[in-house]
Asks: 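Quick one: this structure, given as structure tokens, is what I'll be asking you about.
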Amino acid sequence: MGVFGLLSLVFCLAFAEEIPLPEQEVRSFSFTGYAKDGKREWELKGAEATLEGDIATFKHPRLEASGETTFTVTSERGTYNRKTAQAHLKEKVLAETDDGATLRTESLDWHGDTRKVSTEDEVVIQKGNILSKGKGAEAHPDLKKLELKEEVEVEMGPNIEITSKGPMELDYTKNIAVFREEVKVTDQEGELLADRMDVTFDPETNEAREIIATGNVRIKRGENISYSEKAIYDAGKRKVTLTGKPKLLIKSKEDPLAADPFFGGSQ
């Protein structure tokens with residue numbers, strides 16, 4: 001073969017590599033993930049799918065993951081990347097476990113390699129008497145371990161509401177929730193604020209048992225405001241124990257806490 005013939009062949013091969021693969025339309029599809037022992041761990045199904053390269057785009061996806069509990073996710077639309085084993089489900093996303101937990105959001109990412117779900121959208125999670133809301137979340141598929149990233153609101157039982165600006169980590173296996181950054185507990189008698197709160201709850205009723213508040217602790221009961229380095233709140237007895245140089249103040253216009261937005265003041 002001459003030099004010109006060789007150059008012509010190289011040019012044809014290079015040109016052929018740039019030709020995009022055509023889209024493939026299929027009525028339905030399913031992708032399955034397996035454990036090292038060959039046991040099926042999860043399966044993703046969809047309808048009216050379009051497959052282009054490694055990316056599948058589809059309608060009415062259904063993801064089912066098996067473990068100690070069965071985790072099922074449905075939505076209106078979704079995509080799946082065969083190379084990374086990640087699915088992106090969107091529009092009216094509903095995740096459910098067979099032991100009664102639910103997660104609702106507008107988009108949810110499934111990470112097949114780590115078997116976790118995550119979202120950057122607002123999310124609502126209900127498990128027993130604990131209702132959790134926030135923006136941005138990451139969770140295990142059984143919803144027993146989860147983290148809400150910001151703008152957290154949690155209702156524990158009928159009388160306690162906890163909010164925080166920062167993240168909240170909730171572990172149902174240890175019956176504890178950890179809140180960080182501008183944390184506030186509200187009950188029928190007043191408000192408790194701190195930089196961090198560790199909340200233990202009853203595994204049967206999911207109601208708060210004890211709250212340990214640390215860092216810039218402030219408590220409002222009626223017109224009385226107190227603060228300390230640490231506070232322990234017994235939810236059953238509705239009793240607060242202050243430690244670390246506690247002080248009690250009467251709220252007034254001269255009191256710097258009167259301007260605290262958490263107590264209804266203005267900055």
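Since the structure is predicted, the reported quantities are computational estimates derived from the model, not experimental observations.
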Asks: Per the salt bridge (Lys or Arg N to Asp or Glu O under 4.0 Å) rule, what does the pair list look like for residues 100-111, sequence neighbours excluded?
Replies: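 Listed once each, the pairs would be none.
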Asks: Does R77 have any side-chain hydrogen bond (donor to acceptor under 3.5 Å, both in side chains) partners at least two apart in sequence or in another chain, and if so, which?
Replies: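 R77: side-chain hydrogen bond (donor to acceptor under 3.5 Å, both in side chains) contacts with E91.
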Asks: Could you identify which residues cluster with V124, counting Ile, Leu, Val, Met, Phe, Trp and Tyr as linked when any side-chain heavy atoms lie under 4.5 Å apart, either directly or through a chain of such contacts?
Replies: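 Besides V124, the cluster holds L131.
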Asks: Hey, quick one: are L242 and V183 part of the same hydrophobic cluster, counting side-chain heavy atoms closer than 4.5 Å, chains of contacts allowed?
Replies: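 The answer is yes; both residues are in one hydrophobic cluster.
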Asks: Is it true that E169 and R180 have a side-chain N and a carboxylate O under 4.0 angstrom from each other?
Replies: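 R180 and E169: salt-bridged.
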Asks: Mind jotting down which residue pairs meet the salt bridge (Lys or Arg N to Asp or Glu O under 4.0 Å) criterion with at least one end in residues 193-202? Sequence neighbours excluded, please.
Replies: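 Matches after skipping sequence neighbours: R196-D198, D202-R209.
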Asks: If the condition is side-chain contact (heavy atoms from CB on, under 4.5 Å), which residues does A139 pass it with, not counting sequence neighbours?
Replies: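 By the side-chain contact (heavy atoms from CB on, under 4.5 Å) rule, A139 matches V117, L143, L146.
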Asks: Quick one: side-chain contact (heavy atoms from CB on, under 4.5 Å) partners of E41, sequence neighbours excluded?
Replies: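 E41: side-chain contact (heavy atoms from CB on, under 4.5 Å) contacts with A35, R115.
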Asks: Applying a strict under-4.5 Å side-chain criterion to I, L, V, M, F, W and Y, I'd like to know whether I212 and L193 cluster together.
Replies: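 Result: no, two separate clusters.
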Asks: Any ring pair (Phe, Tyr, Trp, His ring centres under 6.0 Å) involving residues 113-133? Give me the pairs, sequence neighbours left out, ordered by first then second residue.
Replies: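 Those involving residues 113-133 do not exist here.
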Asks: Considering residues, nucleotides and ligands other than K135, do more than 12 of their heavy atoms fall under 6.0 Å from its NZ?
Replies: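 Check fails, neighbour count at 12 or below.
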Asks: Any chance the side chains of Y233 and D187 put a donor and an acceptor closer than 3.5 Å?
Replies: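 The answer is yes; a qualifying pair exists.
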Asks: Inspect the contact between E182 and K184 and indicate whether a charged nitrogen and a carboxylate oxygen are less than 4.0 angstrom apart.
Replies: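 Salt bridge: no.
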Asks: Please check if the number of heavy atoms outside E122 that lie under 6.0 Å from its CD is greater than 12.
Replies: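 Atom CD in E122 is not crowded, with 12 or fewer foreign heavy atoms closer than 6.0 Å.
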Asks: For D142, what residues pass the salt bridge (Lys or Arg N to Asp or Glu O under 4.0 Å) criterion, not counting sequence neighbours?
Replies: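 D142 satisfies salt bridge (Lys or Arg N to Asp or Glu O under 4.0 Å) with no other residue.
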Asks: Can you list every pair that meets ring pair (Phe, Tyr, Trp, His ring centres under 6.0 Å) and has a residue in residues 45-71, with sequence neighbours left out?
Replies: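 Counting only pairs at least two positions apart or across chains, the ring pair (Phe, Tyr, Trp, His ring centres under 6.0 Å) contacts touching residues 45-71 are F29-F58.
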Asks: Can you list the residues that meet the side-chain hydrogen bond (donor to acceptor under 3.5 Å, both in side chains) rule with K90, with sequence neighbours excluded?
Replies: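 Applying side-chain hydrogen bond (donor to acceptor under 3.5 Å, both in side chains) to K90 gives none.
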Asks: Is there any ring pair (Phe, Tyr, Trp, His ring centres under 6.0 Å) pair reaching into residues 125-178, and which pairs are they, with sequence neighbours excluded?
Replies: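 Qualifying pairs, neighbours excluded: Y172-F201.
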Asks: Without hydrogens or angle criteria, can the side chains of N159 and Q188 be said to hold a donor-acceptor pair below 3.5 Å?
Replies: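 Result is yes, a qualifying pair exists.
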Asks: Which residue pairs pass the ring pair (Phe, Tyr, Trp, His ring centres under 6.0 Å) test with at least one member in residues 80-108, sequence neighbours excluded?
Replies: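 Matches after skipping sequence neighbours: F31-Y80.
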Asks: Show the nearest heavy-atom pair for residues S132 and V154, with the distance to one decimal.
Replies: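 Closest approach of S132 to V154, heavy atoms only: OG-CG2, 3.9 Å.
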Asks: Testing the 3.5 Å rule here: is there a donor-acceptor pair between the side chains of S107 and D121?
Replies: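 Yes, because at least one side-chain N or O of S107 sits under 3.5 Å from a partner of the opposite role on D121.
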